[in-house]
There are 2 protein chains.
Amino acid sequence: MASSAAKDSASRDRATLRDIALDTGLSMSTVSQALRGAGRISEATRARVAEASARLAYRANVSALHMRGARTGLVGLVATVPDSTSWSVGDLDFLVRCERAFCDVALGSDRYPVMLSGSSVSGAIGVLPVDGVAVIDPGPNDPLLRLLEERGVAYVTLGRDVLSDASDEWVVDNDKLGITRVALDGLYQRGMRRSLLLTADTGQNYMTDVAQAYDAWGEAHPDVTTTTAVLPLPFDAAQAARVVSDACRDGVDTIYLAVEPALTAVLDAVAAEGLSIPDDVQLLATTDSTRAQSLVPAISAVDLQPAALGERLFALLEQRVSGAVPDAVERLVAADVRWRDSTRALV
Amino acid sequence: MASSAAKDSASRDRATLRDIALDTGLSMSTVSQALRGAGRISEATRARVAEASARLAYRANVSALHMRGARTGLVGLVATVPDSTSWSVGDLDFLVRCERAFCDVALGSDRYPVMLSGSSVSGAIGVLPVDGVAVIDPGPNDPLLRLLEERGVAYVTLGRDVLSDASDEWVVDNDKLGITRVALDGLYQRGMRRSLLLTADTGQNYMTDVAQAYDAWGEAHPDVTTTTAVLPLPFDAAQAARVVSDACRDGVDTIYLAVEPALTAVLDAVAAEGLSIPDDVQLLATTDSTRAQSLVPAISAVDLQPAALGERLFALLEQRVSGAVPDAVERLVAADVRWRDSTRALV
DNA sequence: CTGAAAGCGCTTACAG
DNA sequence: CTGAAAGCGCTTACAG
């Protein structure tokens, strides 16, 4: 009925250890021991405490526990946005699925994910009582990572910081080399002979790694002409269209698209050149999205398994927070190619 | 270099109040006062403390503050999922945008959103040191809301609990009555004379309100035959298709779709009946999504302004947490209809 | 204007 | 097997 107003709502009217002590006639220390199972408390006492604790709906105060060195159960999740203007459906799709999986598995493990995406992240670090932090797609030489390091906060990342010399111990990632090879092999078998990689200068490891893998594949396949176009940020659709038009005139038969925002611009540009997909030009996106699935033609795409990545990320963070070795978690996640209508049938 | 292992990472090596006291030669209480600006501390002392505090990168321990009754800055965000099998792109689209807006504005206000969606929510309530909780789309007679009430946790909701008699004071919502009228008026002007509302039995206020508004509109327009089909949960595409086929044979010229998951099933069913959209059957969805935009034809839809809702939700929660009256926040969010290709031109 | 004391809710040595 | 004491980092009366 009446609202509770300014009072600290999370701890209003809660039973404390003292309440149980009073109720059972035991001392607070005994109650504490009985609850944690630590000391050698008699079964009878233990039962008495358990009963009272249940009856009074006792829950230990997390902040008090934290002051004694316990974990809070809070884990931070940071998604660094490289440049707001470069955002689009596809990236969001990936991010959302990844975040959601992370959160779901965290909650299922009695951990509470705090969303830290945004600009105020650094202010939160070292203040917020989180046990650890997961960072999705850190930027090159990411200052956040250095801050985390400095403050001694346990953290893991999805994708490595390309400019950092830190080891990959606490990094979850796709097997980009493998997946790029599979994708390009597939395109090759579908007739690719002259391809264009469309990428952007975000500096994030995702772009970098894909470009590298693409180049490596190209060198191993001299019968395929592999070219690359790097779009500057902020993303400009008209520019992307121009690049694609030029490529079409150069006889490119395959576009390997690492810049999801450019998707419709690419489709339009190809159509404007009077060419058709996939007969004249094949198109494959390096990240899957609802949009890719819904467009006509449906766009073939690499499914990076964002949900699996999110889950691994959490598992790895748990490892690090608890001081375990990282080896217990498989850190490389395989991806799949979803062949759809924007690529041809196998020849 | 070496990782920090099991130690509580958030508070490792942090300067404490005592450090500043030692550094300045003042007592801890004086330092505390100087920092908070409370007592009448001399300017000179205050400056001395500020300097030391900055130099030592002092940040108050949130858990300690919390024990003294301060807020933690943590706010819970709960999205109740009515039934996992009924989930789909459109709902997710809405949810994601809403959540994201909530999180963004929270972070911008130095609040930290904790994602509580999932089954373990109730375990967290009363344990987690959150200042308040926002619940998106509570179910009918939602036990979570009762728990929140019981525990005295400050909360607000997006959409009211249809079976609760609580006032709408702390509820943010769309102006569903208004938007339904606008949408149906628009459809009417586009030739709707025989319409079907396709809804589902989720019991959430969203469905209920739309159905009610639809009925009200129908009564005011005797020249339009308005029918309703309620799909049972879990959602079954085949069943939805059957309902739509029947409706098509009955001469329905407009489908008002409140069940986004049924979108493709509806399209397929209409096509299977040899009818075309929008010429034979118009289609309008009550929630917008990337999918609705990308499909061919592009689906007309109600844009519920999820981002605005998320922002309002946060603003309202802040109000409640700080003990203010709710009137300072406009709780009714207007929506818009995005007329696309699945509805006809105005006649 | 500044400091010593008590206490928020808990745990962990240390005595009995 | 159980309890009294000290202390995590802070603030807020209360004395000086």
Side-chain angles (χ1 to χ4, degrees), chain A residues 6-50 52-53 56-73 126-129 131, chain B residues 6-50 52-53 56-73 126-129 131:
Chain A
K7 207 152 176 216
D8 173 34
S9 46
S11 61
R12 213 190 54 151
D13 298 337
R14 287 236 323 255
T16 79
L17 212 54
R18 189 205 303 302
D19 293 326
I20 304 191
L22 257 35
D23 184 279
T24 55
L26 294 163
S27 77
M28 287 179 57
S29 24
T30 304
V31 172
S32 177
Q33 308 264 54
L35 252 22
R36 310 270 138 207
R40 304 115 308 193
I41 303 291
S42 75
E43 264 320 313
T45 308
R46 209 180 281 281
R48 203 143 57 94
V49 169
S53 161
L56 303 179
Y58 171 75
R59 305 304 251 99
N61 181 316
V62 171
S63 294
L65 290 178
H66 188 227
M67 291 202 58
R68 304 283 327 183
R71 296 193 204 164
T72 57
V127 175
L128 213 54
D131 300 326
Chain B
K7 205 149 176 219
D8 173 34
S9 45
S11 61
R12 212 191 54 151
D13 297 336
R14 288 236 321 256
T16 78
L17 212 54
R18 188 203 304 300
D19 294 326
I20 303 192
L22 256 35
D23 184 278
T24 55
L26 294 163
S27 77
M28 287 179 56
S29 25
T30 304
V31 172
S32 176
Q33 308 264 55
L35 251 22
R36 311 270 137 206
R40 306 115 305 192
I41 303 290
S42 74
E43 264 320 313
T45 309
R46 210 180 282 281
R48 201 141 59 91
V49 170
S53 161
L56 303 178
Y58 170 76
R59 306 302 252 103
N61 180 316
V62 170
S63 294
L65 290 177
H66 189 227
M67 290 200 59
R68 305 283 327 181
R71 296 194 204 165
T72 57
V127 175
L128 213 53
D131 300 326

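As the structure is a computational prediction, the values presented were derived from the model and not from experiment. All chains are named by letter (A, B, ...) in the order of the sequence lines, taking the proteins before the strands, and each is independently numbered beginning at 1.
In this structure, CG of B/L65 is placed 16 Å from P of D/dC8, rounded to the nearest angstrom. Counting to the nearest Å, the C1' atom of D/dA15 and the CD atom of B/Q33 are 13 Å from each other. Distance OH (B/Y58) to P (D/dG9): 10 Å, rounded to an integer number of Å. Rounded to an integer number of Å, the gap from CG of A/L35 to P of C/dT11 is 7 Å. Protein atom CE of B/M28 is 9 Å distant from nucleotide atom P of D/dG9, rounded to whole Å. The distance between atom CD1 of A/I20 and atom P of C/dT11, rounded to the nearest whole Å, is 10 Å. Residue A/N61 contributes atom CG, which lies 10 Å from atom P of C/dT11 at whole-angstrom precision. With rounding to whole Å, A/R14 atom CZ is found 15 Å from C/dC8 atom P.
Side-chain proximity of A/A64 to the nucleotides D/dT12, C/dC10, D/dC10 is greatest for C/dC10. Closest to the side chain of A/T45, out of C/dG9, D/dT2, C/dT2, is D/dT2. Closest to the side chain of A/L17, from the set D/dG9, C/dA13, C/dC10, is C/dC10. Of the listed nucleotides (D/dT11, C/dC10, C/dG9), C/dG9 has the atom at the smallest distance from the side chain of A/M67.
One finds a side-chain N or O of B/R18 lying less than 4.0 angstrom from the OP1 or OP2 phosphate oxygen of D/dC8. Taking side-chain N and O atoms only, A/S27 has no distance below 4.0 Å to OP1 or OP2 of D/dT2. Neither OP1 nor OP2 of C/dA5 sits under 4.0 Å from any side-chain N or O of B/S29. For B/S32 and D/dT12, the shortest distance from a side-chain N or O to OP1 or OP2 is not below 4.0 Å.
Using a distance-only test at 3.5 Å, with no hydrogens or angles considered, a donor-acceptor pair links the side chain of A/T72 to the main chain of A/P129.
Residue B/T24 comes nearest to B/R48 through the heavy atom pair O-NH1, 2.7 Å, listed as atom of the first residue, atom of the second, then distance. Closest approach of B/A21 and B/V31 over heavy atoms only: CA-CG2, 3.8 Å. Nearest heavy-atom pair across B/D131 and B/G73 is OD2-N, 2.7 Å.
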- Between B/L128 and A/V62, is a side-chain contact (heavy atoms from CB on, under 4.5 Å) present by the stated rule, with each step listed? CA-CA 7 Å; B/L128 213 53; A/V62 171; 5.7 Å; no
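Residue B/T16 is in sugar-phosphate contact alone, with no base atom involved, counting any heavy-atom pair closer than 4.0 Å across all strands shown. Contact annotation for B/T30: base contact, defined as any heavy-atom pair under 4.0 Å involving a base atom. B/S63 comes within contact range of no nucleotide atom at all, as no heavy-atom separation falls under 4.0 Å.
Judged by atom type and distance alone, A/R68 reaches the base of D/dG7 through a side-chain donor-acceptor pair under 3.5 Å.
Rounding to the nearest 0.5 Å gives a distance of 13.0 Å between CZ of A/R71 and CG of A/L65.
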Base-pair string, DNA chain D, Watson-Crick plus G-U, cut-off 3.5 Å on both distances, | for inter-strand, is |||.||||||||.|||
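Inter-residue side-chain proximity for A/V49 and A/L35 is flagged as met; some heavy-atom pair is nearer than 4.5 Å. With a 4.5 Å cut-off on side-chain heavy atoms, A/T16 and A/N61 do not count as touching.
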